[in-house]
Amino acid sequence: MVAFVPVFTAAQLIHWLGFLLDEILFPGYRRVPVKEPLFVLGIPRSGTTLMHRVLARDPNMTTFSTWECFLAPSITQRRLVLGLARADRAVGRPLGRLLGLVERRVFGGLDSVHPMDLSAPEEDYLALLPVMACFVLVIPFPMAEPLWTMATFDRDMPEARRRRLMTFYRRLLQRHLYVHGPDKRLLSKNAAFAGMAGALRETFPDARFVRCHRDPRAVVPSQLSSIRGGVAVFDSDPGGRVFTARMIEVLRVYHTNLNTHLPFPAGDRHVTLDMAHFKEDLVGTVRGVYERLGLPMTEAFADRLEDEAREARAYRSGHTYAAADFGLDESAIAAIFGTVQDREGDSKDTAPAMPVGAPSVPVGQKGP
């Protein structure tokens, strides 16, 4: 923490300087419309990353990359970084090669949980770090209750702060489109935004949504396992008294909120996908999404889907976990999420009752 806090604080101050310079140098970004953005939501570990990275191959889409989220959320910073990159390429990429080595040292250990590299598509909730509204900060700061409220955004966020945060987030998307082209469709994937699905629909009324689903009995231990390394680094949960119970509650709230705002199986502007079916028939699933949501598909993207499908079929995760590692069993998890069904009055085709691997929207059908 002695190392983390000063570096983190300095980085956010630099970001805020960039935001200030944006208002002086690039005020036109505020006039950029965010037209019909596409949001990929779902409880964590439900296939949102795979869907995001496949959709990001569509040349009609633009999405945040890791370096933009962490290093350059402002227009000023991006223009500076892109300029340095051009100069580096002109002299043989010495800085690029050095950065690649550092990148593998920093991100290499995450490959089995959430593969990362600076140029890859990434969750833009990381760009909320300058306003301390990024849910990942609960890992180093588990006692900061306002951070946990980000997970229950639609239910618990005070109205004034809700408006400020959604305005800030819209400005981030406008900045991104200002740099990458206002003709592009903004693509955003954030599992941590499952608790703010209602706020997203309210802020972007013409948005489309892809909701990813996975059996909660697999999601819960996978999510708890995925944060275990970060918790160990910060030693933020001695004795394991905080994260197991609170993360299960967060996942339960996520599931309830998605059922409320993006109900099964589909709506006029959203579609639900099962993780297992998506991996089995990636091409047909993505084509079904585009048809259902009225998205244009270029021939170039259609060709790329075949390559993505081969990679998805060949991929084998090295991430291993079991509910027993956290003192849980599958029947207890099923009971927790079954209670969500009972309390919310969900119908029998909602997530916990859906057989794993069954498509929510069969390929080639548009749903009801």
Side-chain angles (χ1 to χ4, degrees), residues 36-69 100 103-104 107-108 110-124 176 180-181 184-191 208-215 218-219 222 226 266 270-319 356-367:
E36 299 183 344
L38 179 61
F39 293 99
V40 179
L41 304 182
I43 54 179
R45 320 302 299 172
S46 62
T48 55
T49 297
L50 175 58
M51 172 57 78
H52 181 212
R53 296 192 175 186
V54 169
L55 294 178
R57 298 290 299 273
D58 186 341
N60 290 328
M61 304 277 189
T62 180
T63 193
F64 281 66
S65 56
T66 305
W67 72 268
E68 291 171 312
C69 293
E103 179 182 50
R104 296 318 304 160
F107 295 142
L110 298 174
D111 285 347
S112 64
V113 177
H114 180 77
M116 293 181 69
D117 66 66
L118 290 175
S119 61
E122 192 47 83
E123 296 179 88
D124 58 36
H176 182 85
H180 292 279
K184 300 280 189 178
R185 184 187 300 269
L186 195 288
L187 169 65
S188 169
K189 168 259 175 177
N190 287 286
R208 270 67 167 173
F209 293 84
V210 176
R211 175 185 174 181
C212 296
H213 166 69
R214 187 184 183 192
D215 191 320
V219 164
S222 179
S226 71
H270 81 272
V271 64
T272 304
L273 303 179
D274 181 85
M275 178 179 177
H277 181 73
F278 177 40
K279 292 188 70 174
E280 291 169 3
D281 184 15
L282 185 147
V283 174
T285 300
V286 173
R287 285 184 177 277
V289 168
Y290 273 59
E291 180 184 355
R292 181 67 180 82
L293 298 180
L295 305 177
M297 180 176 290
T298 64
E299 289 186 12
F301 180 52
D303 292 339
R304 291 177 183 176
L305 282 179
E306 298 292 344
D307 296 333
E308 294 291 335
R310 283 191 292 271
E311 291 182 16
R313 287 192 296 268
Y315 177 74
R316 296 294 182 269
S317 174
H319 184 208
V356 175
S360 299
V361 179
V363 175
Q365 297 183 21
K366 290 191 175 184

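Computed from a predicted model, the values in this text were never measured in an experiment.
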*Between the side chain of R211 and the main-chain N/O of H270, is any donor-acceptor distance below 3.5 Å?*
no
*asked:* Please list all pairs meeting salt bridge (charged side-chain N to carboxylate O under 4.0 Å, His left out) that have one or both residues in residues 54-69, counting only residues at least two apart or in different chains.
replied: R57-E308, E68-R78
*asked:* Tell me the closest heavy-atom pair linking F209 and L41, and the distance in Å.
replied: CD2-CD1, 3.9 Å
*Write down the atom of C212, the atom of M51, and the distance for their closest heavy-atom approach.*
SG-CB, 4.2 Å
*How long is the span from the CZ atom in F39 to the OG1 atom in T48, to the nearest 0.5 Å?*
14.5 Å
*State the CG-CG distance between N60 and L187, to the nearest 0.5 angstrom.*
11.5 Å
*Flag the pair V286 / F278 as yes when at least one side-chain heavy-atom distance between them is below 4.5 Å, and no otherwise.*
yes
*Where H213 and D274 come nearest, the two heavy atoms and their spacing*: CD2-OD1, 3.4 Å
*Atom CD in E306, atom CG in L282: separation rounded to 0.5 Å?*
9.0 Å
*Would a 4.5 Å heavy-atom cut-off, applied to side chains only, mark L295 and R185 as touching?*
yes
*With rounding to the nearest 0.5 Å, note down the distance linking NZ in K189 to CD in E123.*
3.5 Å
*With sequence neighbours left out, write down each residue that passes salt bridge (charged side-chain N to carboxylate O under 4.0 Å, His left out) with R304, or none if nothing qualifies.*
none
*Which residues satisfy the salt bridge (charged side-chain N to carboxylate O under 4.0 Å, His left out) test with D307, sequence neighbours excluded?*
R310
*Tell me, please, which residues at least two apart from N190 pass side-chain hydrogen bond (donor to acceptor under 3.5 Å, both in side chains).*
D124, S188
*For the student: nearest non-hydrogen atoms of P296 and Y290, plus distance*: O-CE2, 3.4 Å
*State, to 0.1 Å, how close F64 and C69 come at their nearest heavy-atom pair, and which atoms those are.*
CB-SG, 3.7 Å
*asked:* Using the rule given for side-chain contact (heavy atoms from CB on, under 4.5 Å), can you reason through T63 versus L55, listing the C-alpha separation, both sets of side-chain angles and the distance that settles it, and then say yes or no?
replied: CA-CA 9 Å; T63 193; L55 294 178; over 6 Å; no
_Nearest 0.5 angstrom please: E36 CD to R208 CZ, how far?_
4.0 Å
_Pair E122, R53 - check side-chain contact (heavy atoms from CB on, under 4.5 Å), show working._
CA-CA 8 Å; E122 192 47 83; R53 296 192 175 186; 4.0 Å; yes
*asked:* For a quick test of reading the model, state the closest non-hydrogen atom pair linking R45 to S222 and the distance between them.
replied: NE-OG, 2.9 Å
*side chain to side chain contact (heavy atoms under 4.5 Å, CB included) partners for A302, two or more places apart*: R287, M297
*Atom pair CZ (R292) and OG1 (T285), whose distance is rounded to the nearest 0.5 Å*: 15.0 Å
*Under the side chain to side chain contact (heavy atoms under 4.5 Å, CB included) test, residues paired with T62 that sit two or more places apart*: H176, L177, H180, K184, L186
